[in-house]
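Report on the structure given below.
Lettering follows sequence order; numbering is per chain, from 1.
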There are 2 protein chains.
Amino acid sequence: MKPTPRSSQPSCPPADSRADRRAVEGAAADAELAALAKALGHPIRVQILRILVRKEACICGDIVGELPLAQSTVSQHLKMLKEAGLIRGEVDGPRVCYCIEPRALRRLKALVGGL
Amino acid sequence: MKPTPRSSQPSCPPADSRADRRAVEGAAADAELAALAKALGHPIRVQILRILVRKEACICGDIVGELPLAQSTVSQHLKMLKEAGLIRGEVDGPRVCYCIEPRALRRLKALVGGL
DNA sequence: CGGCTTCATCGTAAAACGACGATAAGAGGC
DNA sequence: GCCTCTTATCGTCGTTTTACGATGAAGCCG
């Protein structure tokens, strides 16, 4: 059990901020919303997302430390969130640094708002 | 195949419109958001919700007619949406009249917006 | 180089989902 | 009463999710 020295402030990519012009209705939007909603459809994943939003910087497997689940299980949830495009993972030495994908989050809000 | 005469304008309950004061964060909110998101986590259910929003009045099993699935399957999706609280079903003679639950939809938007 | 830490992946088992056809249950019409 | 129409529910089957421990891959430190 080392003190786990955090090298420095974890850094996440620039984060592009173009507007999203895609439609919020139609079959494609249905599928998109369903996929995003499905990714959010588990309390643990909601919690992970909130952790990443709160720390607005990206942390790594400290996430595991905050959750009552095995490391492998958390890794699977992270994978789902990543596949849904809601988060991103950057390799930083031996660690991996996750952060939210603001674009996807905005897209989700737009789609839900469009209901 | 009868012309299926629609008796009259289908009517849905008064629809209460009190504000929702519950928190948008915390473990309870996580579970609530996850449950709502899970219900939305299937394209067909998104489509059903949109149908009900579009016709802002409540229709019955015309929904089945708009979807490429068996009646029993649609019924199951409706059940999930109802269990999530997103829609409501009123028995009207031999038919059942579904409509969205505006309160739950607002709640969903608030929770997603709170991310 | 060896060892440690960090994370992903694999294998597995239980549960839940998604779809269907068949069947039951309730209301209306003849 | 009986038959029809509408909807829900049951039983089934294959797929996906959720969880775990065990194992593997990659990077750092001494």
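If you take CG of B:Asp62 and P of D:dC5, they are 16 Å apart, rounded to a whole angstrom. Regarding B:Met80, its CE atom lies at a distance of 13 Å from the P atom of D:dA8, rounded to whole Å. Taking atom NE2 on A:His42 and atom C1' on C:dA16, their separation rounds to 11 Å, with Å as the unit. As a whole-Å value, the separation of B:Lys82 NZ from D:dT7 P is 12 Å. Rounded to a whole Å, the NZ atom of A:Lys79 is 22 Å from the P atom of C:dT6. In this structure, B:Gln47 places its CD atom 15 Å from P of C:dG18, rounding to the nearest Å. If you take CD of A:Glu90 and P of D:dG27, they are 15 Å apart, rounded to a whole angstrom. The distance between atom CG of A:Leu81 and atom C1' of D:dT17, rounded to the nearest whole Å, is 14 Å.
Closest to the side chain of A:Arg45, out of C:dT9, D:dT18, C:dA19, is D:dT18. For B:Arg95, whose side chain is taken as the heavy atoms from C-beta onward, the closest listed nucleotide among D:dT6, D:dT9, C:dA8 is D:dT6.
In terms of heavy atoms, A:Ala34 sits closest to B:Pro43 at CB-N, 3.4 Å. Heavy-atom minimum distance, A:Glu66 versus A:Gln47: O-NE2, 4.2 Å. Contact detail for B:Leu69 and B:Val64: the closest heavy-atom pair is O-CG1, 4.5 Å. Minimum interatomic distance between B:Gly85 and B:Ala104 (heavy atoms only, all atoms of both residues): O-CB, 3.1 Å. Of all non-hydrogen atoms in A:Tyr98 and A:Ile63, the two that sit nearest each other are CB-CD1, 4.4 Å. For the residue pair A:Ile44 and A:Pro68, the shortest heavy atom distance occurs at CD1-CD, 4.4 Å.
Dashed line: the shortest gap from a side-chain N or O of A:Lys38 to OP1 or OP2 of C:dC17 is not under 4.0 Å. Neither OP1 nor OP2 of D:dT17 sits under 4.0 Å from any side-chain N or O of A:His77.
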N/O contacts under 3.5 Å, protein versus nucleotides 20-30 of chain C?
unit_1	atom_1	unit_2	atom_2	d
C:dC20	OP2	B:Ala70	N	3.0
C:dC20	OP2	B:Thr73	OG1	2.9
C:dG21	N7	B:Ser72	OG	3.3
C:dG21	O6	B:Ser72	OG	3.2

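Axis angle between the ends of the helix from C:dC1-D:dG30 to C:dC30-D:dG1, five pairs each and rounded to 10 degrees, works out to 10°.
In this structure, A:Ile44 and B:Leu78 both approach DNA chain D, and ranking their closest nucleotides by distance from the 5' end singles out B:Leu78.
Note on B:Glu32 versus B:Arg22: salt bridge recorded, some NZ/NE/NH1/NH2 to OD/OE distance being below 4.0 Å.
For the salt bridge (charged side-chain N to carboxylate O under 4.0 Å, His left out) condition, the pairs that include at least one residue of residues 35-52 of chain B, sequence neighbours left out, are A:Asp30-B:Arg50.
Screening A:Lys82, A:Arg88, A:Arg107 for a side chain to side chain donor-acceptor pair (under 3.5 Å) involving A:Glu101 leaves a single residue, A:Arg88.
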